[in-house]
Structures are given as structure tokens and as C-alpha cells.
Amino acid sequence: MNGTVVRLTYRALLGGRRAWLLLLMSVVLLAMAVLLRLTVGVDHQVTADFLGAVSVAALVPLFGLIVGTGVIGPEIDDGSIVYLLSKPISRPRIILSKLAVAATGTVLFAAVPTFVAGLVMSGTADRIALGFGVAALVASVAYSAIFLLLSVVTRHAVVYGLAYALIWEGLLGSFVPGARTLSVQQWSLSLTEAITTRDLVSSDVRLAVAGVLLAVVIVGATWYAGQRLRVLSLAGEE
Amino acid sequence: MTEQPSGVIHDIGYRKYDGPRLGRARVTRALYAHSLRGAYGLGRSARAKVLPMLLLGVMALPAFIIAVITNVTSDITGGLPLPYSRYVMVTMPILAIFLAAQAPASLSRDLRFKTVPLYFSRPMERSDYVLAKYGALATAVFLLLTLPLLIMYVGALLAELPAGEQTGDLLLALLGAAVFAVVFAGIGLVIASLTPRRGFGVAAIITVLALSFAAVSALQGIIRYEVGDADLAGWLGLLSPATLVDGFQTWVLDASSSSVAPPPGAAGGVVYVLVTFAVIGACWALLNLRYRKVAVS
Amino acid sequence: MSPSVLSVDTVSRWYGNVVAVNDVTMTIGPGITGLLGPNGAGKSTLIGMLAGFLAPSAGSVTLDGVTVWKNPDVYRTIGLVPEREAAYDFLTGWQFVLANAELHGLSDPGAAAKRALATVEMEFAQGRKVGEYSKGMRQRVKMASALVHDPAVLLLDEPFNGMDPRQRLHLMDLLRQMGADGRTVLFSSHILEEVEQLAQQIEVMVAGRHAASGDFREIRRLMTDRPHQYVIRSSDDRGLASALIADGSTAGVQLDDSVLSVEAVSFLRFTELLPRVARDAGIRLYEVSPTDESLESVFSYLVKS
Amino acid sequence: MPVIQTEELTKRFPATTALDRLSIEVEPGVVGLVGANGAGKSTLIKILLGLSPATSGRASVFGLDVTEDGPQIRERVGYMPEHDCLPGDVSATEFVVHMARMSGLPPDAARERTADILRHVGLYEERYRPIGGYSTGMKQRVKLAQALVHDPEIVMLDEPTNGLDPVGRDDMLLLIRRIWAEFGITVLVTSHLLGELERISDHVVVIDGGTLLRSSSTSEFTRTSQTLLIEVSAEADAVAATLTSAGLTVKRDGAQLVLPLDDDEVYDLVRDAVAAEGVGLIRLEQGRHHISEIFGEDQGGVGR
């Protein structure tokens with residue numbers, strides 16, 4: 001990792017209003033959790049349904065998308081990435097630094113609020129909060145890596161990313177069981193299933209498979225993004 | 001007497017224009033028409049037509065099926081299987097995708113290519129630009145929502161359902177669709193006007209619409225059924241555009257609600273109406289504010 | 001400053017079937033080299049390859065014998081001023097240059113940034129955001145970011161684009177200084193006069209081909225050494241015309257209201273003949289102007305050769 | 001009546017003063033506007049288009065006040081910005097027709113005038129292809145076409161030759177000259193290359209630091225000076241020596257020799273010196289003043 005790359009990326013990503021907008025969405029999640037706790041009281045099934053539907057299925061992938069593409073996409077698009085590439089720093093290291101910012105951002109704005117929301121709604125009971133927190137954490141890293149790779153590979157990363165998150169994981173995932181095997185959402189839910197001590201969540205993927213797939217995706221996507229950045233052609237305008 | 005010349009070379013040099021210049025209002029109308037056509041890809045590349053036309057088709061398909069079913073089963077049921085006014089809510093994802101694709105295509109594109117200065121150096125004022133773009137997208141959305149309703153209406157008439165009742169229901173649903181169109185177009189445009197990057201615009205609009213709808217519906221469901229507090233669930237509907245407008249038409253137009261919980265009572269209804277108009281007004285104000293600040297060169 | 005040499009060896013670069021750079025071989029050593037050519041001639045593509053941002057489709061690009069492509073270490077020696085304007089607009093000039101110094105891993109980035117900003121005389125605006133800079137200021141701060149690690153090689157893609165006359169002069173002085181320090185400076189331009197004022201050595205690209213190379217004045221002479229259109233005003237145009245026609249070195253002589261137009265076949269012979277003929281005939285020459293010196297004809301001449 | 005008139009026009013931004021009590025008058029013709037980056041050129045254009053209010057002072061176009069009659073002014077003005085402003089995904093024809101409509105032309109007139117104007121600016125088969133694939137020169141032509149399509153009375157061109165190579169630059173300059181000479185449209189054009197303005201403008205306005213440095217006809221700026229420039233094919237030093245011994249003060253300027261033109265005898269001295277040396281006479285011209293001189297710096301050949 002490179003401290004300067006991290007700092008520049010962090011400022012580009014979260015400088016100005018954007019951080020507040022992202023924070024606002026985290027706060028909304030927490031506010032809803034508080035509201036549910038006040039109105040419903042403690043109901044673990046509600047906690048699981050709420051965190052599963054709002055946090056793991058929507059908030060985490062969408063944040064992963066915005067943040068993962070945001071750490072490098074605009075720079076490649078407007079050409080300012082040359083200032084990073086024209087330095088004696090290995091390209092994989094640049095990717096690693098960018099991923100660190102993206103993953104940290106997604107974890108802070110999506111995974112941590114998920115964990116806190118779980119605590120608010122169910123306390124520490126049955127390790128529900130922990131289960132969803134860990135799932136959101138791992139999913140944050142995985143989505144960041146995937147969408148970071150996507151933005152190195154294509155200029156339309158946001159659109160393809162949306163298509164994956166909404167259509168593959170969301171729509172197809174709910175109708176076609178096969179699609180679920182290749183879904184970050186399902187892999188991370190299998191972690192939740194394993195951690196919580198009560199039967200609230202069920203994932204279609206076995207824990208071992210999910211763990212391996214998650215590791216492969218995170219490491220693989222990061223490695224490949226580094227390789228792609230090494231051969232990224234910055235053509236002139238002609 | 002000179003001979004009549006049989007050949008002539010015409011002057012094809014520069015010609016002055018002394019025809020009419022139509023002024024602000026007509027320019028605004030021209031931009032409105034252009035943007036409206038653009039929302040369906042007309043006058044743009046073939047690729048730009050694919051998505052909106054596809055969505056229009058997808059939107060119409062269930063209505064067509066409903067029309068057929070109605071004709072088959074009308075003897076038994078004596079009505080449409082789905083009321084007109086619920087159609088928008090049922091097909092909400094299609095509306096969201098349409099908006100996410102076309103609002104950035106309308107505004108972010110001009111920002112990205114920096115064509116905005118070319119508009120503002122012409123007779124129109126900045127508010128004319130906003131008006132034309134807003135009007136065009138709202139109309140485009142309205143048309144998207146209207147087509148399936150008309151298909152259902154035709155189906156209902158063919159099935160010899162009572163014409164007067166059907167017409168009344170349709171008109172009310174169309175009014176609801178108009179409110180949907182204005183609210184959603186406004187929200188989509190405000191988001192799109194903030195970024196010259198189309199991808200971000202698409203993502204942001206989908207995120208806002210999908211996340212707010214998912215979160216509010218989930219909350220409403222839990223509170224209404226697990227807690228049994230229908231009033232609070234009703235109030236929560238104010239927090240997402242879809243449930244807000246649905247509540248609006250439930251209360252004002254007496255439509256059947258698609259939300260988990262309708263507005264709570266008369267006070268709730270009034271608040272829904274006020275919030276709906278406030279959202280429209282806010283979108284209009286934000287867009288004007290945004291374009292007052294766009295640099296010209 | 002230890003001198004560095006960039007070598008381009010039989011390099012081509014194509015995009016699909018479009019060939020942007022076509023079998024180019026050149027060596028760029030210390031001093032200022034101008035890369036000249038019309039738009040679309042492949043200048044940016046060539047600079048992209050020299051800077052290690054594009055892989056040559058064929059041939060090799062090396063810096064002091066080391067391959068440039070996929071070799072981030074060359075950036076210890078290369079400073080790059082890209083054509084595109086985008087920089088980190090949200091940073092101040094100071095932060096931007098400092099970040100570049102840090103990215104180079106310099107031991108004292110603060111001092112380096114300070115020195116670089118002083119070199120381009122941008123200290124006065126270093127506290128303002130890059131996004132608020134004018135074009136000329138942007139160009140200078142980009143220059144500072146390229147100079148921050150004191151590189152032996154400086155690559156500049158169209159550095160004068162959009163600069164006003166004063167900013168141009170300032171940058172020229174700066175580049176001259178860099179060249180005098182023994183750095184290898186390569187800049188691209190499509191404006192002949194800019195190159196003329198700055199570069200001893202020029203490389204001319206036309207339609208992807210390496211059209212000419214060498215000392216500027218030498219090439220300029222080669223370029224002008226060819227049939228020429230002349231306009232002449234004299235005390236006796238008619239007399240001069242008939243004297244010129246008598247010699248074989250003019251292909252056409254035309255006389256209309258007090259201006260004599262001559263098409264010279266042998267350029268040198270004609271220019272030598274003219275003063276002699278005029279003197280012998282006692283005709284006073286008021287004006288002798290070559291008229292087809294436009295760059296258009298210069299470039300088309302190069303394409304044909 | 002002047003086309004453009006400003007009186008004590010001032011525009012202040014929080015950090016800078018872009019225009020400082022600027023009073024100018026622009027008569028019909030090709031008018032060059034010169035100034036350093038940030039000298040207030042763009043600010044002036046924006047104020048004239050009625051898009052940005054002045055801090056104080058007055059400005060009018062065709063006698064219409066810019067603060068009150070913005071839309072009427074913009075109906076009769078064409079504007080070509082310096083930066084890219086073209087969508088890449090539509091054809092030139094479609095884009096220019098649309099822009100004509102945006103200037104208030106009815107649909108039929110918009111189509112006809114677009115076809116005409118694209119021909120006048122020199123776009124032919126390529127006008128049906130998407131603009132994204134155009135060269136810089138073609139894009140500049142489209143930008144110019146959209147500024148002319150509604151037959152404005154004045155067209156404001158901001159750096160129209162920026163980024164063009166020599167061929168493209170010559171074409172564009174010729175085109176600008178035609179806009180006035182053939183189309184009868186007054187042109188207000190900015191450029192960093194002062195030599196370009198010398199070639200095409202009838203009148204040049206120089207702004208520096210927001211104030212008027214000078215406004216006069218181009219012929220006034222470039223009047224001949226009492227000097228003679230000569231260029232010889234070889235032995236320049238020997239020729240110079242001969243001329244010096246004949247009593248002339250000869251200066252060397254690059255490849256050229258510069259000598260004072262005190263009387264017409266000098267012409268003969270030069271002719272004879274060159275003939276005696278037996279070298280070629282490549283150039284013999286009376287020296288001219290240049291716009292750049294008012295900046296007090298030698299611009300050399302940059303702005304040829």
C-alpha cells in the first residue's frame with residue numbers, strides 16, 4: 001500500500017458533500033432500526049428480515065458499487081490517473097491502496113451501521129448482530145474488489161455493476177436457484193447462518209464453499225485488477 | 001430585342017435569413033418536444049431507442065394479459081383483475097429503470113458534453129431550460145404509465161364491463177399517473193443534474209428509489225403486522241416517493257392502495273397531499289437553483 | 001545531471017486496422033527536441049509509448065537501454081506533462097505537487113515540492129485549488145509536478161495549447177533552462193514557430209510516419225529548397241519580367257496591377273538570378289516575398305518525399 | 001451605430017476584478033479581442049450575452065441593454081465557446097438543426113439553413129456521421145456552424161483556432177474572414193496568436209488586467225515601419241558587412257537582416273550587395289509593426 005495514494009483516493013472519494021450523503025444513508029438505516037426497536041420491541045425474526053432485506057441485499061451492494069467504482073473510475077475517465085501511473089510505484093500496489101480505501105469506506109458506511117443496527121434491535125442475543133455484521137463486513141470487501149476490478153476493465157462499470165447487483169443477485173437470485181450459488185449476497189449470508197445460534201437465516205451455499213469462493217473472488221479480483229492496470233493504455237485524444 | 005437566355009447560374013452563396021424568429025416561449029416548446037422525443041430515443045441513435053422501447057413493451061405486456069384475462073373471465077368476476085390505479089405500483093421497477101436511464105440521458109448528457117452553454121447563449125432563459133426538460137420527462141413517464149392503462153381500458157370495454165364506471169376509474173388513474181410522473185421525473189432530474197457522469201446518475205437514481213421503497217415497505221410491513229400500529233405504518237409511507245404518491249391517490253382519488261398502509265385518516269391524507277406538492281415544488285426549486293449556477297464558459 | 005537517452009526502434013502502434021505510428025526509429029538525447037506534425041500525425045501516441053502508457057505494437061522503446069513499457073522504475077528518470085487538463089482539482093497547488101513528490105518516494109518531499117513550485121514561479125497561487133486555476137497556471141503546476149523529482153527526461157504533450165502569449169514566453173524560458181541543464185526535453189506541437197523558437201533538434205511526424213529529423217535550420221532549409229511562388233514589386237515590373245523570362249529558372253511569370261508573380265523552378269538559381277538581373281537592368285526591387293511558405297505546403301512536401 | 005458598446009463596465013469577483021471600468025465600441029467588421037488568460041475576455045462575452053450581470057457600468061449590443069434585453073440580444077448573436085461543447089453521439093446535421101430551433105427558427109427554416117451553413121463551413125459527407133468521430137478541425141467547423149445557423153448579426157468566437165494544426169488554422173482563418181466579407185456578419189474573435197488577428201481583423205481591441213490597453217484598426221497596429229528585412233540564401237555575414245561598410249546599421253535577427261530604411265537608395269544598396277556576393281535573395285520586405293509590441297515583448301514568429 002502507499003499512504004499518498006490512500007490519502008488522495010480518500011479525499012477524492014469522500015471530500016466535500018459525498019461523505020455526508022453516504023453518512024446520511026447510514027444514519028437512515030440506524031434510524032429505522034431504532035424505530036423498529038421502539039415500535040416492535042425485540043423480535044429476532046424482524047431483525048433478521050430487516051437486516052437481510054435492507055442491509056445485506058441493498059445497502060451493502062449499492063455502497064460497494066458507489067465506493068468501489070468511485071475510487072478509480074473517475075480518475076481513469078478524466079485521465080488524472082496518469083499522475084499515479086507515472087510514478088515508480090507498482091500498479092498492483094496502487095490497486096491495493098485503492099481497494100483499502102474502498103473496502104474501509106464500505107465497511108464504515110455499510111457494515112458497521114449494519115452491526116450497530118443489529119445491536120440496537122436484538123442486542124447481543126444469539127449473535128445475530130455479529131452474524132450480520134460479519135456478513136456485511138466480508139461482503140463489503142468482496143463487492144469493493146469486484147467493482148474496483150470492473151472499473152479498471154470497463155468505462156461502464158457502474159451500469160454493469162448495477163446489472164449484477166440488481167438483476168443477477170436481486171431478480172434472478174429470487175427466481176433461479178442456480179444464480180444464488182454465484183452471489184456475494186448468498187455467500188455472506190452463509191456466514192451469518194453459521195455465526196448466529198438461532199435458525200433465522202438460510203443460505204443456499206454451504207459455509208466451506210462460500211468461504212472459499214469469497215476468498216477466491218477477493219484475492220482474484222484484486223490480483224487481476226493489478227494486472228489490468230499494468231497494461232492500461234492511456235491513449236492520447238487522437 | 002435580346003434573346004432569352006437558356007442557361008442560368010444561381011447564386012448558392014450565403015443567404016440572409018429574414019423569416020420569423022419565434023422567441024422564448026416557442027424555443028422552450030421546441031426543446032420540450034425534442035427532449036420528449038429523446039426520452040424514447042426518437043431522433044437519436046438506434047441504440048438509444050432500445051431501452052425505452054423495450055421498457056414500454058414490458059410495461060404494456062401485463063396490461064395486455066390483464067385485458068385478455070378480463071375478456072375470458074368477465075362473466076365470472078365482472079371486473080378487471082387489477083384496478084387501473086394499482087398498475088403503477090405493481091410495475092414500479094420498470095418505472096424506476098426508465099427514470100434511471102432517461103433522466104441522466106436528458107441532463108447529465110448536456111453537462112458532460114458541455115452543451116449547456118450553447119442553450120444559455122440562445123434566446124431562452126435558464127428557467128425555460130428547466131421547464132422544458134422537466135415537462136418533457138414528466139410527459140414521457142406519463143405516457144409510459146398511460147399506455148398500459150389504455151390497453152386495459154380497451155380490454156374492459158371489449159369485455160363489456162360498464163363503460164361509465166370504467167371511464168371514471170380510468171380518468172382517476174390517469175390523474176394519479178400524472179402525479180406519479182411529475183414527482184418521479186422531478187426526483188430523477190434533480191439527481192441527474194448533479195453529475196455529468198451518466199453512470200453515476202443511473203446508479204444514484206436506482207439507489208434512491210429502490211432503497212427508499214425497499215426500506216419503507218419493509219418497515220411499514222413490520223410495524224403494521226408485527227406491531228399492529230397501522231397509523232404509524234401509514235405515516236411512514238411519506239418517506240419514499242412511491243408510497244407517497246400511492247397514498248396521495250388513495251386519499252385524493254379514492255384509488256385502491258397498493259402500499260402496506262394507506263395514509264392514516266383525514267389529517268394523514270392532507271399531509272400526504274401537502275408533502276406531494278412540497279416534493280414537486282422542491283424539485284422545481286432545486287433544479288432552478290442548480291442551473292442558475294452552471295457556468296457558461 | 002547525467003544525460004539520458006530515449007530510443008525508439010522500428011516502432012509501430014496500431015489500433016485495430018488504424019496505424020497511428022508507422023515504423024518510427026529515432027533517438028532523443030539531451031537538449032530540447034521538438035516533435036512536430038499536424039493533428040492526427042501520431043505525436044500523442046508516440047509520446048504515450050515514450051512515457052510507458054502504451055505498448056508498442058511492434059518495435060521497442062527504451063530509456064538508456066531499459067524497456068519503458070511495464071517498467072515503473074523508469075519514472076525515477078522521466079517527468080511527464082500530459083496533454084489532458086484533468087488534475088486533482090480538489091487539491092491546492094501545493095498539495096498537488098507535494099503529493100507527486102511523495103508518490104516518487106522522495107526523502108524530503110516538502111523541500112522538493114517547494115523547489116519545483118519555485119521553478120515554475122507558482123508560489124503565489126500554491127494555496128489555491130487547482131480547479132480554480134487558469135489554463136496557464138494549470139500547465140505550470142503540472143510542470144512543477146513533473147519536475148518535482150528532478151528528472152533527467154521531460155516529456156510534454158502539447159504544452160502550449162491554450163496558453164496566452166505571456167504564458168507561452170514564460171514556459172519557453174523554463175524549457176530552455178531545462179535544456180541548458182542537460183536534461184532531455186521532448187515536447188510536441190503542431191505550430192512550427194513554437195518549435196522554431198525552442199528546439200535545436202526536431203522530429204517531424206506526418207500521418208504516422210517519421211517524415212524528417214535533425215537540426216531545425218537544416219530541415220527548414222530542405223523544406224524551403226524547392227519550387228516557390230514569389231511576389232515581386234519593383235520600379236519596372238515589365239522590364240524585370242522579360243529579363244526573368246529570358247532565363248530558364250522561371251516556369252511562369254505573371255504581371256497584374258503593379259505586382260509581379262513568379263513561379264521559380266529552381267529555387268536557388270532564381271533567388272541568385274533576381275538581384276543580378278535587377279542590378280544589370282537598373283531596376284529597383286521594393287519587395288521580394290515568397291508566398292507559399294505556409295505550413296500546409298511544407299507538410300504536404302514532406303508527405304510526398 | 002456601433003454594434004457593441006460598453007461604458008465604464010466593471011465586473012468584480014470575490015478574488016479578482018475581471019473588468020475594470022472598460023469602455024469600448026465595436027464597429028461592424030472583424031474585430032479581434034486580445035488579452036491574457038484571465039484578462040476578462042470570457043467575462044466580457046458573458047456580460048454581452050446577458051448571462052452574467054456586470055458589477056457596474058453599462059453594456060449594449062445593437063443598442064439593446066444587456067441587463068434588460070438578454071433574450072432579444074441572444075436571438076441575434078452567435079456564440080462559439082472555446083471549450084468542447086458537442087455531443088458525440090449525434091450527427092452534425094441533427095445537432096445544428098436542433099441548435100437552430102433553439103435560436104427560434106421554425107423547423108423548415110432550421111433544416112434548410114443547417115444544410116446551407118454546413119456547406120459554407122466546409123462539412124460535406126461527414127455531416128451525417130456522429131460528431132464523436134470527427135477530427136479537431138471538423139469539430140471546430142460544427143461549433144462554428146451552430147453559431148451561424150440562425151444568421152446572427154454578430155458572432156462571438158472564443159479561440160476558434162485553438163488546437164488546430166497549420167492546415168486547419170489557415171482554413172478557419174479564411175472562413176472567419178468570409179463570415180464578414182461574404183456573409184456580412186460582424187465577428188468578434190479572440191485569439192492568443194496575435195499574428196492570426198493581424199491577418200484577419202479589421203480592428204483589434206487589447207484588454208489587459210481588465211482595462212483597455214488599446215483599441216484601433218489593425219492597419220494602425222501593423223503600419224509599416226521604416227525598416228527593411230532581408231533574408232539571403234547564404235553568406236549573410238558577408239552581405240551584412242558590405243552593407244555596413246556602405247554606412248548602414250545592420251542588425252541580425254535570426255536568419256534575417258534588419259536595416260533602417262532612410263531613403264530609397266537603400267533598396268539599391270541591398271540589391272547590389274546581394275548580387276555582388278552572388279547569393280540568393282530569398283526575401284526583401286518592408287518591416288511592419290506588430291500587435292505584440294504593445295505588450296512590450298518580442299513575440300517573434302509565434303503569432304505569424
Side-chain angles (χ1 to χ4, degrees), chain B residues 11-35 37-38 41-49 105-106 108-129 132 196 198 291-297, chain D residues 42-43 45-46 49-52 70-91 94-95 97-110 112-113 116-117 119-120 130-131 143 146-152 156 158 178-179 182-185:
Chain B
D11 179 13
I12 57 166
Y14 188 79
R15 278 188 296 177
K16 284 277 159 197
Y17 176 73
D18 41 23
R21 293 176 191 269
L22 302 174
R24 260 179 74 183
R26 296 282 295 276
V27 169
T28 308
R29 238 165 67 191
L31 180 60
Y32 166 81
H34 184 264
S35 307
R37 286 164 48 82
L42 303 173
R44 290 171 59 196
S45 65
R47 259 180 60 198
K49 293 183 182 69
S106 176
S108 310
R109 200 168 149 273
D110 284 353
L111 290 172
R112 180 184 176 109
F113 291 123
K114 296 188 188 156
T115 28
V116 178
L118 296 186
Y119 286 107
F120 293 166
S121 63
R122 291 183 144 74
M124 68 173 63
E125 297 284 356
R126 292 169 187 224
S127 59
D128 297 338
Y129 178 83
R198 212 179 59 111
Y291 279 95
R292 201 173 306 159
K293 287 194 177 155
V294 170
V296 175
S297 63
Chain D
S42 303
T43 309
I45 289 180
K46 265 188 264 184
L49 287 168
L51 297 174
S52 167
Q72 289 91 313
I73 291 173
R74 294 197 293 273
E75 207 165 66
R76 296 157 62 189
V77 175
Y79 171 52
M80 172 178 172
E82 178 185 358
H83 55 72
D84 283 344
C85 57
L86 305 174
D89 54 356
V90 297
S91 70
E94 265 170 79
F95 179 69
V97 168
H98 177 53
M99 281 300 144
R101 300 275 285 128
M102 292 301 99
S103 285
L105 266 55
D108 297 351
E112 287 175 12
R113 286 201 58 84
D116 270 354
I117 204 71
R119 177 167 56 83
H120 287 306
I131 297 172
K143 279 165 69 177
Q146 65 80 28
L148 290 172
V149 68
H150 53 295
D151 188 29
M156 301 183 186
D158 204 355
R178 275 178 57 211
I179 293 173
E182 284 177 31
F183 307 175
I185 298 169

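Fair warning: this is a prediction, and the values are worked out from it, not measured in the lab.
- Among the candidates B/Arg26, B/Arg109, B/Arg47, the residue making the largest number of heavy-atom pairs closer than 4.5 Å to chain D is B/Arg109.
- Residues B/Ser108 and B/Arg198 bring no donor and acceptor atom of their side chains to less than 3.5 Å of each other.
- No side-chain heavy atom of B/Leu31 sits under 4.5 Å from any side-chain heavy atom of D/Arg101.
- Residue D/Arg178 does not touch chain B at all, counting heavy-atom pairs closer than 4.5 Å.
- Both the backbone and the side chain of D/Gln146 come within less than 4.5 Å of a heavy atom in chain B.
- In this structure the side chain of D/Met99 reaches within 4.5 angstrom of the side chain of B/Tyr119, judged on heavy atoms.
- Between D/Tyr79 and D/Asp158, the side chains place no donor N or O within less than 3.5 Å of an acceptor N or O (distance only, hydrogens not considered).
- Side chain of D/Ser91 to main chain of D/Glu94: a donor-acceptor pair is present (N/O by atom type, distance under 3.5 Å, no hydrogens or angles).
- Contacts between B/Arg15 and chain D at a heavy-atom distance below 4.5 Å involve backbone atoms as well as side-chain atoms.
- The shortest non-hydrogen separation linking D/Ala109 to B/Tyr17 is CB-CE1, 3.6 Å.
- Taking a cutoff of 4.0 Å between a charged side-chain nitrogen and a carboxylate oxygen, D/Glu82 and B/Lys114 do not qualify as a salt bridge.
- Contact tally against chain B (heavy-atom pairs below 4.5 Å) for D/Glu182, D/Gln72, D/Arg113, D/Met156: the top residue is D/Arg113.
- With chain B as the partner, the residue from D/Val90, D/Asp89, D/Leu148 showing the most heavy-atom pairs under 4.5 Å is D/Asp89.
- Heavy atoms of B/Arg24 lying under 4.5 Å from chain D belong exclusively to its side chain.
- Of the residues considered (D/His150, D/Lys143, D/Arg76, D/Glu112), D/His150 shows the highest number of contacts with chain B, using heavy-atom pairs under 4.5 Å.
- When heavy atoms are compared at a cutoff of 4.5 Å, D/Ile117 approaches chain B solely by way of its side chain, counted from C-beta outward.
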